[in-house]
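The structure appears right after this line, and notes come after that.
Because the structure is a prediction, the values reported are computed rather than measured. Throughout, protein chains are lettered first and strands after them, A, B, ... in sequence-line order, and every chain is numbered starting at 1.
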Amino acid sequence: MFRYPSLRWRTLLLILLMLTINFLFYSPALMLADLDFIIYINGVVLGSAYTVSVVFSYYIVSRVGRKTTGVLSFSVIFVLSLILVFLWRPKEEG
Amino acid sequence: MSTLASKLDDYRCDAEAVGLNIAISLMYTNSIAAFVVLFFIGEWLGRKRIIVLGLVMMVGGIVLTLFSENLVMGMAGLFIGMIGVQWHFNVSLIYISETVAESHREEFMVVAMSFYGVGCLANTGCYYWLRDWQKVFIYFYVVPGVLLIVAVMAVVTEAPICLIRKYAPEEALEQFMRIARINGVTLSCPLRTSRRPRSARRAIRMRRRILRRST
């Protein structure tokens, strides 16, 4: 993993990537509780988002490739995260 | 103005909340523990055994949580159970990548991963339907877990590539033959599994002789 320079950089980048993906997945999941949703709706939102994203990504990856899909999805996540950050949070106002 | 009793109640709630957060944070370290242990035992035990062990740990952890009488025991059960979940979930994906042909690998992965989402939805539905975590644990985690252990032990073969890496070509050949038999395919190349090589036969004879002398 770390012996060859090309593998070393890829491994380090993949570690960073997995860390970011986990942050991106679990932070909104924890934030959903602040949005005054019922816990069951949270489960439905997360489960359906996961299922749809896996099937959708399969078609995208087979057409445009892994790298482009990664860059595209991270760009979408960046925009959506910004929207989520500036969302109205009812619990804080109450 | 709040009374002393209500203040004490507030303090108790806060203490419980802090304790609960720490417990939940500790529980989330299961991934790290699971992967560190998997790094050392993954190749040694093989894919099938890890999947079975993961399922056993999952069921055991859940049973421990079910019968726990305090928070620490409950969290310990969940910790063990989650390590088992991490093992059998990730090793199953590795198993797919090692056994399925490259042309069908992506489809298999997509089906397997999308069922994770379906599982999340089913989980939510179960909780909504029963409204009792203990019943959900028994009916939807323990019972399917035990059935899965039996099914995996009966149906799933060890990944031949893993056996080849472990320098066990005869066992790998046996698994290939078993897979071919399940698929109703006859292997094209003549494979000899009945007779061991001369060095192995000699080693077995010597081992038997030593055993006879010692007894």
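One finds the OH atom of Tyr50(A) at 9.0 Å from the OG atom of Ser114(B) (value rounded to the nearest 0.5 Å).
The two residues Cys120(B) and Gly47(A) come nearest to each other via the heavy atoms CB-CA, 3.6 Å. When all heavy atoms of Val44(A) and Leu121(B) are compared, the pair lying nearest together is O-CD2, 3.5 Å. Shown here for Val54(A) and Val110(B), the closest heavy-atom pair between the two residues is CG1-O, 3.6 Å.
Crowding of Phe89(B) atom CZ: a count of heavy atoms from other residues, nucleotides or ligands under 6.0 Å exceeding 12. For CZ of Arg131(B), the number of neighbouring non-hydrogen atoms (other residues, nucleotides, ligands) closer than 6.0 Å is greater than 12. Heavy-atom neighbours of Trp133(B) CH2 from other residues, nucleotides or ligands within 6.0 Å: above the threshold of 12. In this structure, Phe35(B) places its CZ atom where more than 12 heavy-atom neighbours from other residues, nucleotides or ligands lie under 6.0 Å away. Within a 6.0 Å radius of CZ in Phe74(A), other residues, nucleotides and ligands contribute more than 12 heavy atoms.
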Next on the checklist: Between Tyr58(A) and Glu107(B), does the side chain to side chain contact (heavy atoms under 4.5 Å, CB included) criterion hold? Intermediate values first, please.
Outcome noted: CA-CA 8 Å; Tyr58(A) 171 65; Glu107(B) 287 137 36; 3.2 Å; yes
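Remark: aromatic rings of Tyr127(B) and Tyr40(A) are distant, center separation not under 6.0 Å.
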